[in-house]
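Encoded as structure tokens, the structure appears first; notes follow it.
Nothing here was measured: the structure is a model prediction, and the numbers come from that model. As the structure lists them, so they are numbered: ligands from 1, and atoms in each ligand from 1.
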Amino acid sequence: MMKIYDFKRGPYPARVRIALAELGLQKKVRFVEVDLRTGAHKRPEFVEKNYSGTLPVLEMEDGSFLSECTAITEYLDHLGASPRLTGVSARERGMIHMMNKRAEIEFLDPISVYFHHATPGLGPDVEVYQNAEWGRHMRDKARLGARHFDKVLSGRPYIAGESFSMADITVVAAFVFAAIVKLEIPAHLCHLHEWHERMLARPSVQTWRDLG
Ligand code: GTS
């Protein structure tokens, strides 16, 4: 059985949990909770599994480790006969890869930087270096990212095109992180909010929310 090291309520781990639910693979994995608040993810035994010291990490059946949500999602999506989250045609694959990366660089990751640098983050024992100005700069970058995705969604139903994909999951995670840090997504970004309502109605996202 595969194992996933995660932190149940974390925005990045949510990406993999939502992907698992979309793919109907939840019963194929066992979750191992790693407590970020105690810095368990920075200890040598965890860094052996993932050099970056972040969650989630997937342990494959042969004992090898995969980190990075995108890589884990790619792997899970290719366990079955037909990928559903990462695209099939060259065009779909390229678009999804681009928009997923953009969702990370312009929206989700900046919110994470804001959390770690310009708020108490995981607390003084874990946040050994903070740069509040950089954190606030990244918060502003996330706001611009939200505007961009609103514009994208004014012309199509999903982040990367006509179908739901991994890129949508990444933007859902940005909303999860935005709520944690109380970063308001302005109400006038109506395409983005309308899309988010649709995402919240998806069973995979509801399953994650029901974790409590
Ligand atoms: N690029 C990584 C990925 O996509 O997997 C980022 C993973 C990441 O930042 N995970 C968070 C983490 O480990 C988990 S959570 O904040 O969403 O719960 N953060 C701890 C830290 O110290 O960076």
Side-chain angles (χ1 to χ4, degrees), residues 2-22 29 31-60 64-77 85-86 96-132 134-135 138-139 141-142 145 159-160 165-183 204-205 207-209 211-212:
M2 296 180 281
K3 269 191 222 163
I4 293 186
Y5 299 84
D6 89 342
F7 184 61
K8 206 167 66 174
R9 300 304 302 163
Y12 288 86
R15 291 171 64 185
V16 168
R17 283 183 178 255
I18 293 169
L20 284 167
E22 287 283 340
V29 301
F31 291 98
V32 181
E33 181 85 356
V34 177
D35 193 350
L36 292 178
R37 291 160 304 192
T38 62
H41 57 304
K42 301 296 181 202
R43 301 217 177 94
E45 59 274 23
F46 187 82
V47 172
E48 283 269 300
K49 297 177 179 50
N50 173 15
Y51 171 79
S52 301
T54 56
L55 296 166
V57 174
L58 180 139
E59 184 173 342
M60 292 185 253
S64 344
F65 296 103
L66 256 190
S67 57
E68 294 300 321
C69 294
T70 300
I72 297 170
T73 306
E74 281 272 355
Y75 174 79
L76 296 172
D77 203 28
L85 301 174
T86 55
I96 292 168
H97 194 111
M98 173 180 74
M99 295 309 290
N100 182 65
K101 186 94 181 163
R102 190 178 295 171
E104 290 181 333
I105 292 175
E106 307 293 345
F107 200 11
L108 173 59
D109 292 349
I111 300 174
S112 175
V113 175
Y114 171 63
F115 170 73
H116 289 289
H117 285 272
T119 80
L122 296 170
D125 294 341
V126 183
E127 307 297 356
V128 289
Y129 170 76
Q130 289 197 297
N131 182 332
W134 175 240
M138 294 306 264
R139 175 200 58 196
K141 178 172 179 162
I159 297 289
S165 76
M166 160 167 79
D168 293 283
I169 299 178
T170 304
V171 177
V172 167
F175 270 78
V176 171
F177 221 152
I180 291 170
V181 299
K182 300 186 173 40
L183 176 70
S204 61
V205 178
T207 302
W208 178 79
R209 280 156 63 92
L211 283 174

Give every pair formed by an N or O atom of ligand 1 and a protein N or O atom closer than 3.5 Å, one pair per line with both atom names and the distance to 0.1 Å, or write none.
{"unit_1": "ligand 1", "atom_1": "1 (N)", "unit_2": "Glu68", "atom_2": "OE1", "d": "2.7"}
{"unit_1": "ligand 1", "atom_1": "1 (N)", "unit_2": "Glu68", "atom_2": "OE2", "d": "3.4"}
{"unit_1": "ligand 1", "atom_1": "4 (O)", "unit_2": "Glu68", "atom_2": "OE1", "d": "3.4"}
{"unit_1": "ligand 1", "atom_1": "4 (O)", "unit_2": "Cys69", "atom_2": "N", "d": "3.3"}
{"unit_1": "ligand 1", "atom_1": "5 (O)", "unit_2": "Cys69", "atom_2": "N", "d": "3.0"}
{"unit_1": "ligand 1", "atom_1": "10 (N)", "unit_2": "Leu55", "atom_2": "O", "d": "2.7"}
{"unit_1": "ligand 1", "atom_1": "13 (O)", "unit_2": "Leu55", "atom_2": "N", "d": "2.9"}
{"unit_1": "ligand 1", "atom_1": "17 (O)", "unit_2": "Pro11", "atom_2": "N", "d": "3.2"}
{"unit_1": "ligand 1", "atom_1": "17 (O)", "unit_2": "Tyr12", "atom_2": "N", "d": "2.9"}
{"unit_1": "ligand 1", "atom_1": "22 (O)", "unit_2": "His41", "atom_2": "NE2", "d": "2.9"}
{"unit_1": "ligand 1", "atom_1": "22 (O)", "unit_2": "Lys42", "atom_2": "NZ", "d": "3.4"}

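By the salt bridge (charged side-chain N to carboxylate O under 4.0 Å, His left out) test, Asp6 pairs with Arg17, sequence neighbours left out.
Taking the six-membered ring where the residue is Trp, the centroids of His117 and Tyr129 are separated by under 6.0 Å.
Nearest heavy-atom pair across Pro11 and Ala173 is O-CB, 3.4 Å.
Of the charged side-chain nitrogens involved, at least one lies within less than 4.0 Å of a carboxylate oxygen, so that Arg15 and Glu104 count as a salt-bridged pair.
Around atom CD of Glu48, no more than 12 heavy atoms belonging to other residues, nucleotides or ligands sit under 6.0 Å away.
Distance check, rounded to the nearest 0.5 Å: CG of Leu183 to CZ of Phe175 gives 10.0 Å.
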